[in-house]
Undergrad: 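Pasting a structure here, questions to come.
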Amino acid sequence: MTVKKRRPIILDGDPGHDDAIAFVLAAAFSDELEIKAITAVGGNQTLAKTTLNYRKIATLLNLKDIPIAAGRDNPLLADLVIAPNYHGESGLDGPTLPEPEVELCGLSAVELMAKVLRESEDKVTIVATGPQTNVAALLLAHPELKDKIECISIMGGGLVHGNWSAAAEFNIFVDPESAKIEFLSGVPVVMSGLDVTEKAYVTPEEWNKIRNIGNPIAKTVAEWCDFFYIRLKELGWPGVLMHDPCAVVYLTHPEIFTWKDCYVEIDTEGEYTKGATVPDYYGLNGQKPNCRALVDVDREKFVEIMYEACKSFGEGK
Ligand code: RIB
Ligand code: CA
C-alpha cells in the first residue's frame, strides 16, 4: 500500500483567534499536513504576545516537538498596528490556556524557515496568516531558497474592499511593503482575501455544536469564537469570520473554493489606498498571474469540515 505523502507546511501568524483556529485545523489534518515549524509575527498583538500565544496553543494541542520561533516585531517600514479591539490585550482573550510547555527553538523565524526549506526533501508550503513580514524577510535573506517553496497560502488582502481602511485588509495594511516583496517574488501566492473569508463565517448555533463535541480543544475553539464574535457582532456579522482557517482549508479541501488566477499588485503609496491588493483580471499590464485569489466558498461544507476537525480530537468530556 503506498503511503500518501504529507504536505510539509510552515505556519506563520499573529495569534489571534482565527490564527489559533487555523493552527487547530492544521493539526487536525495531520494525515495530509505535516507542520514543520511555527513562526510568530507582530500583528494582532505585539510579537511577544503572539509568540507566547503560539507556545500556549502548541501546549494545548500537545504538539511539543514542532520548533517555534519569534519573527519580526515590526513591519518592514511601517509602524506596527495591533488589533486589541478584536483580539484583546493578550491577543487571544477568552478561554484560559495552559501555561506554555514549549520553549522557543533558539533560531529567528527567518533562520528556522530557511532551515526547514533547506532540509526538506519536498517543496514546503508556507501558510502565512498575519502581516507578511517574516515571509518577506525570508525571501530577501534567502532568494536561493525560493524554489523550495511550493506556494505561500496567505490570509490577506481583498480584491474590492478592506477591513482596516476602506481599501486595505489588516494584514496587508500593517505591512504593505512586505506583501509587495512577496507578490513580486515569483513564488506562487494563494490569497484568502476578504472576498472569501467574509463568506467563511460560523454562526453561534454552529460553534455551539462544536462546543458540545465536548473535548477540551473543541471547547476552546468555541470559547475563542465567543470572544472573537464580540466585536464582529457589533459590526453586524452573522457569525465569526474564519479568515485564517481559509488559508489552511484550501490546502486540504480546495474543491469547496472558487478562485480567480490573476496578477495582483500591492499599493504601497496611496493616500487612501495604501495596502490595497489590486487585481489585474485581464492581464492589462502584460504580466502572467502571480496569485490565486479565492473568491467564494461552500460555507456549509466549510463549517462541516471545521466541525469534523474539532471532533477528531475526541468526543466527550
Ligand atoms: O483581516 C483579518 C486578518 O487580520 C486575520 O489574519 C486576523 O487574524 C488579523 O491578523
Ligand atoms: Ca492573523
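Atoms within a ligand are numbered from 1 in the order they appear, just like the ligands themselves. Since the model is a prediction, treat every value here as computed from it, not as a measurement.
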Undergrad: side-chain contact (heavy atoms from CB on, under 4.5 Å), that's the test. Do Lys123 and Ile149 meet it? Break it down for me.
TA: CA-CA 5 Å; Lys123 289 193 172 190; Ile149 305 172; over 6 Å; no
Undergrad: Give the numbers and elements of all ligand 1 atoms closer than 4.0 Å to a heavy atom of Asn44.
TA: 7 (C), 8 (O), 9 (C), 10 (O)
Undergrad: Would you check if the Ca ion (ligand 2) lies under 3.0 Å from any N, O or S atom of Asp18?
TA: no
Undergrad: Between the candidates His87, Glu169, Glu198, Met242, which shows the shortest non-hydrogen contact distance to atom 3 (C) of ligand 1?
TA: Glu169
Undergrad: Specify whether an N/O/S atom of Met155 falls short of 3.0 Å from the Ca ion (ligand 2).
TA: no
Undergrad: Compute the centroid of each ring, for Tyr229 and then for Trp207, and state whether the two points are separated by less than 6.0 Å.
TA: yes
Undergrad: Do Lys115 and Glu119 sit within salt-bridge range, that is, some charged N less than 4.0 Å from a carboxylate O?
TA: yes
Undergrad: Need the ligand 1 atom indices (1-based, order shown) with element for anything under 4.0 Å from a heavy-atom of Asn163.
TA: 1 (O), 2 (C)
Undergrad: Against heavy atoms of Met155, which atoms of ligand 1 measure under 4.0 Å?
TA: 2 (C), 3 (C), 5 (C), 6 (O)
Undergrad: Counting only heavy atoms, which portion of Thr129 has something under 4.0 Å from ligand 1: side chain, backbone, both, or neither?
TA: backbone
Undergrad: Are Asp31 and Arg6 within salt-bridge range, i.e. N to O under 4.0 Å?
TA: no
Undergrad: So does Glu103 pair up with Arg55, basic N to acidic O under 4.0 Å?
TA: yes
Undergrad: Closer than 4.0 Å to some heavy atom of Asn171 - which atoms of ligand 1 meet that?
TA: 3 (C), 4 (O), 5 (C), 6 (O), 9 (C), 10 (O)
Undergrad: Is the number of heavy atoms from other residues, nucleotides or ligands within 6.0 Å of CD (Glu144) greater than 12?
TA: yes
Undergrad: Within a distance under 4.0 Å of any heavy atom of Asp18, pick out the atoms of ligand 1 and give their elements.
TA: 5 (C), 6 (O), 7 (C), 8 (O)
Undergrad: At a non-hydrogen distance cut-off of under 4.0 Å, which region of Leu241 contacts ligand 1 (side chain, backbone, both, or neither)?
TA: neither
Undergrad: Before signing off on this row, confirm whether His243 and ligand 1 have an N or O atom pair separated by under 3.5 Å.
TA: no
Undergrad: Is Asp14 touching ligand 1 with its side chain, its backbone, both, or neither, if touching means heavy atoms under 4.0 Å apart?
TA: side chain
Undergrad: Working to 10°, measure the angle at the Ca ion (ligand 2) formed by atom OD2 of Asp244 and atom OD1 of Asp19.
TA: 70°
